[in-house]
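Computed from a predicted model, the values in this text were never measured in an experiment. In each ligand, atom 1 is the first atom listed, and ligand 1 is the first ligand listed.
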Amino acid sequence: MASFLHSRFLELLLLLSFTPFLSANIQHTFPQCLSTIQIPNSFFTPTSPNFTLILNSTAQNLRCITPSTPKPLAIFTPFNQTHIQTAVICAKKLGIHLRFRSGGHDYEGISYTSAINLPFIVIDLSKLRAINVHLDDNSVWVEAGATVGELYYRVAEKSKTHGIAAGLCTSLGVGGHITGGAYGSMMRKYGLGVDNALDAKIINANGEILDRKSMGEDVFWAISGGGGGSYGVIVSWKLKLVPVPATVTVFNVPRTLEQGATKILLKWQQVAPKFDDDLFIRVFIQPSNLNGTTKRTISTTYNALFLGGVDRLMEMMTQSFPELGLQKTDCFEMGWLESVMFIAGFPETVPTTFLLTGKPAFLNHFKAKSDFVKTPIPETGLKGMWKRLLKEEMPLMIWNPYGGMMGRIQESSTPFPHRNGVLFKVQYVNSWMVAEKKAVKKHYKWIRKLYRYMGQYVSKNPREAYVNYRDLDLGMNDKNGENTSFVKASSWGRRYFKDNFIKLVKIKSEFDPDNFFRHEQSIPILPWK
Ligand SMILES: Cc1cc2nc3c(=O)[nH]c(=O)nc-3n(C[C@H](O)[C@H](O)[C@H](O)COP(=O)(O)OP(=O)(O)OC[C@H]3O[C@@H](n4cnc5c(N)ncnc54)[C@H](O)[C@@H]3O)c2cc1C
Ligand SMILES: *[C@@H]1O[C@H](CO)[C@@H](O)[C@H](O)[C@H]1NC(C)=O
Ligand SMILES: *[C@@H]1O[C@H](CO)[C@@H](O)[C@H](O)[C@H]1NC(C)=O
Ligand SMILES: *[C@@H]1O[C@H](CO)[C@@H](O)[C@H](O)[C@H]1NC(C)=O
Ligand SMILES: *[C@@H]1O[C@H](CO)[C@@H](O)[C@H](O)[C@H]1NC(C)=O
Ligand SMILES: *[C@@H]1O[C@H](CO)[C@@H](O)[C@H](O)[C@H]1NC(C)=O
């Protein structure tokens, strides 16, 4: 085993010796430093047979693993927290840049590729996925590499009347997801994942492991919404279990333009943020073929979770949203875990045990962006959207209602500031199958143009965006005169965090003054010191 490790380190050494800006010192100390970690099958260089398999394993955006995207010098898969600590200490000592990956769902792939910090090594936390549910105090400790699907499964296994308030997509990694906010179908009832975070374990740039008490309330605040990769390596989160009824109700109701989609969506904007907290109805908007023909239309699909039975739901819908024309036969009563599968879009034939595989439902190449809407978008605005959507191959918009608990939490209580006054969040996704260069350029151009068009209808000063929907376009075109990384960061920083940004910067400057944890959009340190 030692000789296996040794040969891997020699391979790495060879690679490093070709990168002139790493000092000769590294060549002696690096293998020596890491060799204190005696674990087999944990270190992969590009010449290892399984390197690409492991790199690809959780890369959710195929756009970020094309042949031209920068690849890591090596991937290290620690088995426990001591291994992560050692990797951090070695990397810091030797000046090696690290990226951290939990579930690999970063929209710009910055957990496994890097446009700015070369060379780099990926620390992949997929082997750390323990989940310990404690019904006695309504909490769960979950390690960074576990997916939210596994987490939901393990909670439901212990109790049918407890759940977790976090993301809808079941393959999200706990490590990157929670720290960026983490919204899901219970956000109107219980807020975000970070609103239900009780404690965390984090490894700082000195390789020390800290919990909420030892990191202090400021750092705990910062990692509870400030986004991944800025403060340290999150090893695990302690989250609150929230009550869910034994029976919940779901539905999925499509309406095309021909079926009055425009009028229905106008009404949804008025009512969805004001519904009872138990009701969450999001909308998928995309082009589709008109029934049985090749004529294209717009399809709007109302995808909902109600924390209660169908009779109470029908009463509420008849009273406040009759325009949708929801029928009792559209609705399905089930347990909360089954509703997780339904909302995530799995066919009924897929059993809940699929969640334990941690695998995603689909993969594609995509570019995405986000907006927050504070006044309803008028009919003319919607019509302009339809026109643009009909021109593209596989575009998708997802509208996510706010209100309820989201509006009752202070903007400064976590770094996530999009709270009171937000009616809904808009997500734009443009996907494609074939990565032909010219086509990719066109898909980028299309989504940027739609985003420019939507500017008139969404939040302003700043035009807000969700940090977990990382968008490297933000801050690219700001002509601010000054050109320090701090000024550039302020541009996306204010969009993601509003006034919380400056507090994030102050905490970062104290907690990681050497900026060890950094990436394209990590929280910067203060320019003056
Ligand atoms: C298909 C899809 C569906 C989504 N659905 C939702 C949703 O329903 N709700 C929602 O809120 N968001 C959703 N997101 C966004 C998602 O929350 C973010 O992409 C999130 O950052 C993913 O976390 P991850 O661990 O899977 O990703 P990773 O790519 O592993 O990490 C994301 C970021 O966090 C950093 N990071 C990773 N692990 C750690 C760690 N242990 N400690 C510190 N930093 C770390 C990485 O460096 C990177 O910057 C979705 C994304 C996708 C692709
Ligand atoms: C590499 O992949 C093969 C086949 O996929 C597997 O049997 C083997 O255990 C893997 N090795 C490591 C080190 O993960
Ligand atoms: C990894 O993904 C790339 C891009 O999708 C693909 O070309 C390659 O065949 C994959 N390799 C493995 C081993 O899965
Ligand atoms: C992690 O594993 C190593 C062996 O590789 C062991 O020495 C160490 O004590 C373990 N740490 C923890 C926290 O379990
Ligand atoms: C599509 O056609 C099916 C039968 O072919 C019909 O039941 C359904 O109502 C039609 N839907 C629309 C939107 O016209
Ligand atoms: C601003 O910074 C970028 C790199 O961050 C650099 O490419 C560009 O030339 C700079 N512009 C000016 C005007 O200094």
Is ligand 1 less than 4.0 angstrom away from at least one heavy atom of Leu125? yes
Heavy atom of Tyr469, distance to ligand 1 below 4.0 Å: yes
Given that the side chain starts at C-beta and the backbone is N, CA, C, O, which of these parts of Tyr112 lies under 4.0 Å from ligand 1, counting heavy atoms, or is it both or neither? neither
Would you check whether Gly173 has a nitrogen or oxygen atom less than 3.5 angstrom from a nitrogen or oxygen atom of ligand 1? yes
Would you check if the side chain of Ser224 reaches a backbone N or O of Phe220 as a donor-acceptor pair within less than 3.5 Å? yes
Are any of the heavy atoms in Phe517 under 4.0 Å away from ligand 1? no
Within 45° of the axis and under 6.0 Å from the centre of the six-membered ring of Tyr451, does NZ or CZ of Arg463 qualify? yes
Gln60: heavy atom below 4.0 Å from ligand 1, yes or no? yes
Heavy-atom gap Ala182 to ligand 1 smaller than 4.0 Å: yes
Where does the angle between the aromatic ring planes of Tyr496 and Trp492 fall among parallel (under 30°), tilted (30 to 60°) and perpendicular (over 60°)? tilted
Does ligand 1 come near enough to Asp106 that some N or O of the ligand is less than 3.5 Å from an N or O of the residue? yes
Honestly, for Ala144 the part within reach of ligand 1 (heavy atoms, under 4.0 Å) is side chain
I'd like the name of whichever of Leu53, Leu62, Asn56, Thr69 reaches closest to atom 14 (O) of ligand 3 through any heavy atom. Asn56
Evaluate Ser171 for polar contact with ligand 1, using N/O atom pairs at a separation under 3.5 Å. no
So, is Gln81 polar-close to ligand 4, with some N/O to N/O distance under 3.5 Å? no
Of the side chain and backbone of Arg99, name the one, both, or neither that has a heavy atom under 4.0 Å from an atom of ligand 1. neither
Kindly identify the option in Leu363, Thr66, Ile65 whose heavy atom sits closest to atom 4 (C) of ligand 3. Ile65
Heavy-atom donor-acceptor pair, Trp446 side chain to Asn430 backbone, under 3.5 Å: no
Phe372 and His418 aromatic ring geometry - parallel, tilted or perpendicular at 30°/60° bounds: parallel
For Gly167, take its heavy atoms, then give the atoms of ligand 1 lying under 4.0 Å from any of them. 7 (C), 8 (O), 9 (N)
Classify the contact between Ile110 and ligand 1 as side chain, backbone, both or neither, using a heavy-atom distance cut-off of under 4.0 Å. side chain
Parallel, tilted or perpendicular, judged at 30° and 60°: which one describes the rings of Phe100 and Phe517? tilted
Can an N or O of Val233 be found at a distance shorter than 3.5 Å from an N or O of ligand 1? no
Decide whether the shortest distance between a heavy atom of Gly232 and an atom of ligand 1 is less than 4.0 Å. yes
Please indicate whether any nitrogen or oxygen in Gly175 is less than 3.5 Å from any nitrogen or oxygen in ligand 1. no
So is Gly184 in contact with ligand 1, going by heavy-atom distances below 4.0 Å? no
Establish, yes or no, whether a centroid distance under 6.0 Å links the rings of Phe284 and Trp399. no
Quick one: do the Glu108 and Tyr469 side chains pair a donor with an acceptor below 3.5 Å? no
When you measure from the heavy atoms of Gln521 to every atom of ligand 1, does any distance fall below 4.0 Å? no
